[in-house]
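Below: the structure, in structure tokens.
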Amino acid sequence: MTKKRVLTGINTTGTLHIGNYVGAIRPAIQDSRDPNVESFFFLADLHALIKCQDPARIERSRMQIAATWLAAGLDPERVTLYRQSDIPEIPLLCWMFDCVMSKGLLNRAHAYKAAVDAATAAGKDPDADVSMGLFSYPVLMAADILMFNAEEVPVGHDQLQHLEMARDAAQRFNNLYATPEHPFFVLPQATGGSSIEVLPGLDGRKMSKSYNNVIPLFEGGRAALDAAIARIVTDSRAPGEPKDPDSTSLTVIFDAFATPEERENFRAELRSGLGWGEAKKRLADQLDREIGPMRARYEELMAHPAQKFCRKAPARRVSLQRPSWPNCVMPWASEASPKSPHLRQLKRRRRKCSARPSSSTGKRTGASTSSSFPLRATNCSFPKALSPGGMPASGSAA
Ligand code: TRP
């Protein structure tokens, strides 16, 4: 039986909060333990460039996200873990989609519309704050997903539109360049769309860095957790007065870390007068029960990234084959003068690779992987995914 491919990526732009953990990290790691699932986890460092032009911050965020995945229980032996920028075919595919997707569709993308609305409200030119990267964000995301023919992408509500656009890209491309019997791309499904938990933030709005209402996952330790929880907005009812459990984010956040029985008890206590201060302490303890041990692992990984990551993750190779869509869209690009070093190199690679048995992943993409030389970035091992230009032998990259 072929395994189901599930793909998940995180933008490497900042530190993670418990909303990311509950909505994306925890379910994806759970999925990856399913023997019928083939998981892809990647650091979306090309997407990061859209919002952040501070390389040091992206670098640090990449470390943090990778360490978070490991600390939260991701087994790098079971999954394919890579850095988006290690796969040059992703931006290539993005460009190909750029050439077939309609601007009209992309005009409707939420992030683009929000930037236009904000600029207009500020009396500026509507596109004043829009880079081509921002505009093309959904296209790059489509390339991320379709590159590996992921069948399922667990995403929250805010990403559902991007999945629709990825399906659109797949369909257009298949119609243009493939036959119905041998499509290049499978149409990915968003999973969890409605069931994926979207945690409210301290002020009751969606937990989001842009609202400055987050509870950090690991950064700042238990003290930062307590400090954030202390800021959760509640009403002014005094200890002893009955409280409405649904009047605050406190219970919703509690629910995400509790058993049904614990949830019920907490609500009952609030109804019978538990003080907000005490309730916040219970919430912090409840969260820390799950994330405290992970935080210890996280801190250790961040303190000694090179050694730990190297030992933990012996190079796992992505056994994917080079896709044939580039040849199909631009057959001339593989034609080179017989004397060209490129061609010689290509032939050498072809010879090498035709000796290799085709992997199950290669089979899956069937018609789309007819040429058999492998992806340039075959070595997407975890250590490499952590530091640009390869892994330092030792020392701290944090
Ligand atoms: N857009 C996602 C986010 O904001 C990150 C991401 C980039 C992604 N490419 C993806 C997620 C492909 C899933 C699949 O977090």
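Whatever order the structure lists ligands and atoms in, that order sets their numbers, starting from 1.
In terms of polar-atom proximity, defined here as any N/O pair under 3.5 Å, Q159 does make such a contact with ligand 1.
Annotation for ligand 1: atoms under 4.0 Å from non-hydrogen atoms of H47 are 7 (C), 9 (N). Less than 4.0 angstrom separates some heavy atom of F42 from each of these atoms of ligand 1: 9 (N), 10 (C), 12 (C). For ligand 1 and V153, the ligand atoms under 4.0 Å from any heavy atom of the residue are 13 (C), 14 (C).
Nearest non-hydrogen protein atom to atom 9 (N) of ligand 1 is D144 OD2, 2.6 Å. In this structure, the protein non-hydrogen atom closest to atom 11 (C) of ligand 1 is G9 O, 3.4 Å. At the top of the distance list for atom 2 (C) of ligand 1, counting protein heavy atoms only, stands Y137 OH, 3.5 Å. The closest protein non-hydrogen atom to atom 14 (C) of ligand 1 is L7 CD2, 3.5 Å.
Only the side chain of I145 comes within 4.0 Å of ligand 1, counting heavy atoms alone; its backbone N, CA, C and O stay farther away.
Across all their heavy atoms, A166 and L146 have their closest contact at O-CD1, 3.5 Å.
Under the 4.0 Å criterion applied to side-chain N and carboxylate O atoms, D285 and K280 are not assigned as salt-bridge partners. In summary, E151 and R5 do not engage in a salt bridge, as defined by a charged side-chain N under 4.0 Å from a carboxylate O. Residues D54 and R57 are not paired through a salt bridge, judged by the lack of any N-O separation under 4.0 Å between the basic side chain and the carboxylate. Contact check on D255 versus R267 returns a salt bridge, with a Lys/Arg side-chain nitrogen under 4.0 Å from an Asp/Glu carboxylate oxygen.
In this structure, R26 is positioned above the aromatic face of F257, its NZ or CZ under 6.0 Å from the six-membered ring centre and within 45° of the axis.
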**Report entry** Stepwise salt bridge (Lys or Arg N to Asp or Glu O under 4.0 Å) check, D75 with R33
**Finding:** CA-CA 8 Å; D75 178 356; R33 299 199 175 116; over 6 Å; no

